[in-house]
Amino acid sequence: MQQRAHLFSLRIAHALRESINRNGYNSTKFGKDLLAGITVGIIAIPLAMALAIACGVAPQYGLYTAIIGGIVIAISGGSRYSISGPTAAFVVILYPIVQQYGFGGLLLATIMSGLILVIMAILRLGRFIEYIPEAVTLGFTAGIAVVIATLQFNDILGLSIESLPEHDWDKLASSVTALPELHLPSFTVAIFTLVIMLIWPKFKTVIPAHLPAVIFGSLFALVLNNMGMEIATIGSRFHYLLPDGSQGAGIPPYLPTFEWPWLQAGVNGQALVLSWTLLSDLLPAAFAIAMLGAIESLLCAVVLDGMTGKRHSANSELLGQGIGNIVVPFFGGITATAAIARSAANVKAGAQTPISAVIHGLVVLASLVLFAPLFAYLPMPSMAVLLLVVAWNMSEAGKVLHLLKTAPKSDLWVFAICFSFTILFDMVLAITAGILLAAVLFMKEIAEMVKVTDITNNKRIVAADIPADWRVFKINGPLFFAAADRVFSELATKTTDVDGLVLYLEGVPLLDAGGLAAMDQFINQCKIYNTQVIFCDLQFQPLKTLARAGVQPIGGVTSFSPTLHEALRDIANY
């Protein structure tokens with residue numbers, strides 16, 4: 001009971017309270033948190049910038065997200081080891097929002113998604129992740145990975161495509177069409193970065209591969225730029241205004257400041273005009289952000305539970321994610337959620353409490369202030385390769401191949417629908433279609449498992465002698481709407497040439513409204529053919545359903561008996 005209460009609990013700062021108040025906190029734990037926070041903070045810096053760029057905004061907004069979101073969600077959430085910030089999964093949702101509504105529209109949608117997450121937490125919807133099949137999760141994450149990879153071709157190949165089409169296949173087609181414009185120096189930097197990322201793990205160091213890959217890629221690009229080959233960098237692509245009105249290159253070395261999100265620029269460069277129409281237009285996108293954020297954060301928490309043996313509070317984690325996404329946009333941050341790779345690195349680095357995530361945010365903050373001028377030298381091909389590898393990792397190709405080899409056909413159909421719909425349409429439609437298809441196929445399989453067996457001559461079960469014109473049938477499985485009509489139709493064919501039936505219902509755990517309606521039709525047919533029916537061994541739920549519906553025995557037609565033995569004895573009374 002205590003564990004179940006823990007799963008459904010809801011309170012702010014649940015993880016922080018649990019890890020500090022219950023288990024105590026000392027200098028040893030702080031030292032481990034400090035080391036883990038520094039490690040993950042360093043890992044998060046290039047990822048945060050690359051993910052912001054992939055979403056169509058300037059790289060500093062990714063850093064703001066890691067700083068504010070990482071700290072606020074860690075303090076207020078329900079998973080003690082989660083590291084929150086921008087994640088690759090959101091690219092497919094956020095990029096179209098930026099293209100249609102601008103940066104200000106993205107911030108508004110993020111706030112709205114935060115409110116939805118808070119409502120979900122209040123409604124105790126935190127365990128809904130358990131009802132999403134693995135085929136759905138793998139399908140849409142693999143689809144997202146393909147979309148993210150497609151978005152990187154422009155920078156990896158050094159193409160000069162100014163604006164990409166809306167649909168993924170059109171993006172791919174535009175990249176293929178522009179292949180004759182391949183910029184060989186940019187492509188060389190991309191390949192150089194990728195090679196380092198692939199060979200670095202063989203050295204078995206604690207330094208993650210993407211850090212040396214980006215550093216060496218930057219040095220290589222710097223050399224090529226000095227030779228006049230013009231490799232695009234963060235400094236050449238992104239600019240900001242200095243206090244004196246002049247323009248700086250790259251990332252502003254300033255702390256994130258408070259600004260009203262609706263005063264940020266829309267798609268036309270002008271401040272947004274806040275209206276009900278705008279909020280209504282952004283609501284579907286906000287809902288999609290909230291759903292994906294809930295799935296990502298809770299999946300991450302489940303993975304971390306498996307790594308550590310601890311338990312998270314799902315509803316408190318949703319609350320923390322909601323609060324974080326409400327706060328982050330006021331400081332220029334984009335959508336944040338728990339990142340599985342960074343959170344796993346946090347655990348492996350020895351994290352003890354959410355303090356490590358707070359330190360991670362402070363490390364990103366320090367890097368923004370101290371090293372912003374150096375970030376301008378990061379080459380865009382290297383950042384694109386970084387996201388390409390992130391996309392590959394998030395696709396979970398190993399799990400997908402295992403699913404394709406071992407899963408039933410129904411799961412393969414669900415995976416195919418989610419995967420293709422994510423690429424061709426959008427993630428919300430993909431998840432909706434996948435869950436609906438999975439539910440329908442599951443109900444079909446369960447319905448097919450419901451069996452009606454004639455046990456009249458089974459002396460092990462039917463020990464007593466019964467009249468020759470009576471039959472005993474055993475039903476196994478839930479009598480719900482998808483199965484009950486077939487079951488009672490099959491039984492109805494037995495009513496025309498017998499005087500009575502005994503329905504042994506010990507194996508029926510469920511009777512729903514559809515089952516009740518099918519039973520009622522069956523009883524009406526029994527009246528027509530003067531067939532008597534004894535229902536026996538009803539379990540609690542079916543019995544409760546019959547009582548709620550006011551079903552009563554019908555003289556000469558139906559009766560109810562607590563056991564099969566008593567039902568067989570009662571046959572003599574008919």
Side-chain angles (χ1 to χ4, degrees), residues 15 40 43-44 47-48 50-52 54-55 57 61-95 97 106-107 109-121 125-126 128-129 132 137 140-141 144-145 148 285-304 312-329 331 333-346 354 357 360-361 364 387 390-391 393-394 427-428 431:
V40 181
I43 293 173
L47 285 172
L51 290 167
C55 292
V57 301
Y61 299 124
L63 296 176
Y64 297 164
T65 307
I67 295 167
I68 305 300
I71 293 174
V72 173
I73 295 173
I75 292 174
S76 59
S79 177
R80 68 177 67 185
Y81 303 109
S82 291
I83 300 292
S84 294
T87 62
F90 279 119
V91 172
V92 295
I93 302 177
L94 305 190
Y95 183 82
I97 297 175
L106 172 58
L107 299 186
T110 300
I111 294 173
M112 294 167 66
S113 72
L115 293 171
I116 294 172
L117 285 168
V118 170
I119 293 171
M120 290 173 63
L125 299 179
F128 85 101
I129 186 70
I132 299 179
T137 304
F140 79 77
T141 52
I144 289 171
I148 293 173
F287 182 77
I289 294 171
M291 292 301 101
L292 182 57
I295 294 170
E296 283 278 298
S297 60
L298 296 181
L299 273 178
C300 179
V302 169
V303 170
L304 297 178
H312 71 283
S313 170
N315 294 309
S316 298
E317 179 64 6
L318 287 185
L319 179 63
Q321 294 289 336
I323 293 172
N325 281 287
I326 292 171
V327 173
V328 162
F331 295 89
I334 59 176
T335 308
T337 193
I340 295 178
R342 274 163 273 169
S343 300
N346 186 42
H360 136 272
V364 178
L387 287 178
V390 169
N393 291 334
M394 76 172 293
M427 189 208 67
V428 177
I431 294 178

Quick one: pull up [atom1] in [X] and [atom2] in [Y] and give me the separation to the nearest 0.5 Å.
X      : Y      : atom1 : atom2 : answer
Ile326 : Thr110 : CD1   : OG1   : 11.0 Å
Leu115 : Ile323 : CG    : CD1   : 11.0 Å
Leu299 : Leu304 : CG    : CG    : 10.5 Å
Leu63  : Leu47  : CG    : CG    : 11.0 Å

Please examine the side chains of [Y] and [X], heavy atoms only from C-beta on, and report whether any two atoms are closer than 4.5 Å.
X      : Y      : result
Ile431 : Met291 : no
Ser82  : Ile73  : no
Val302 : His312 : yes
Tyr64  : Val328 : no

Worksheet item: What do the steps show when you test Phe140 against Ile295 for side-chain contact (heavy atoms from CB on, under 4.5 Å), and what is the final call?
Response: CA-CA 11 Å; Phe140 79 77; Ile295 294 170; 4.0 Å; yes
Taking the side chain from [X] and the backbone from [Y], do they hold a donor-acceptor pair closer than 3.5 Å?
X      : Y      : result
Thr65  : Ile334 : yes
Asn346 : Arg342 : no
Thr337 : Gly293 : yes
Asn325 : Thr335 : no
Ser343 : Ile83  : yes

Practice prompt. Show the numbers, then the answer: is there a side-chain contact (heavy atoms from CB on, under 4.5 Å) between Ile144 and Ile148?
Written response: CA-CA 6 Å; Ile144 289 171; Ile148 293 173; 3.6 Å; yes
Give the minimum heavy-atom separation between [X] and [Y], together with the two atoms involved.
X      : Y      : answer
Ala89  : Leu292 : O-CD2, 3.3 Å
Ala338 : Gln321 : N-NE2, 3.6 Å
Met112 : Ala286 : CB-CB, 3.5 Å
Phe331 : Ile68  : CB-CG1, 3.9 Å
Ala44  : Val364 : CB-CG2, 4.4 Å
Gly126 : Leu318 : CA-CD1, 3.6 Å

Item to complete: Would you sort out whether Ile97 and Ile289 count as a side-chain contact (heavy atoms from CB on, under 4.5 Å), showing the intermediate values?
Response: CA-CA 11 Å; Ile97 297 175; Ile289 294 171; 3.9 Å; yes
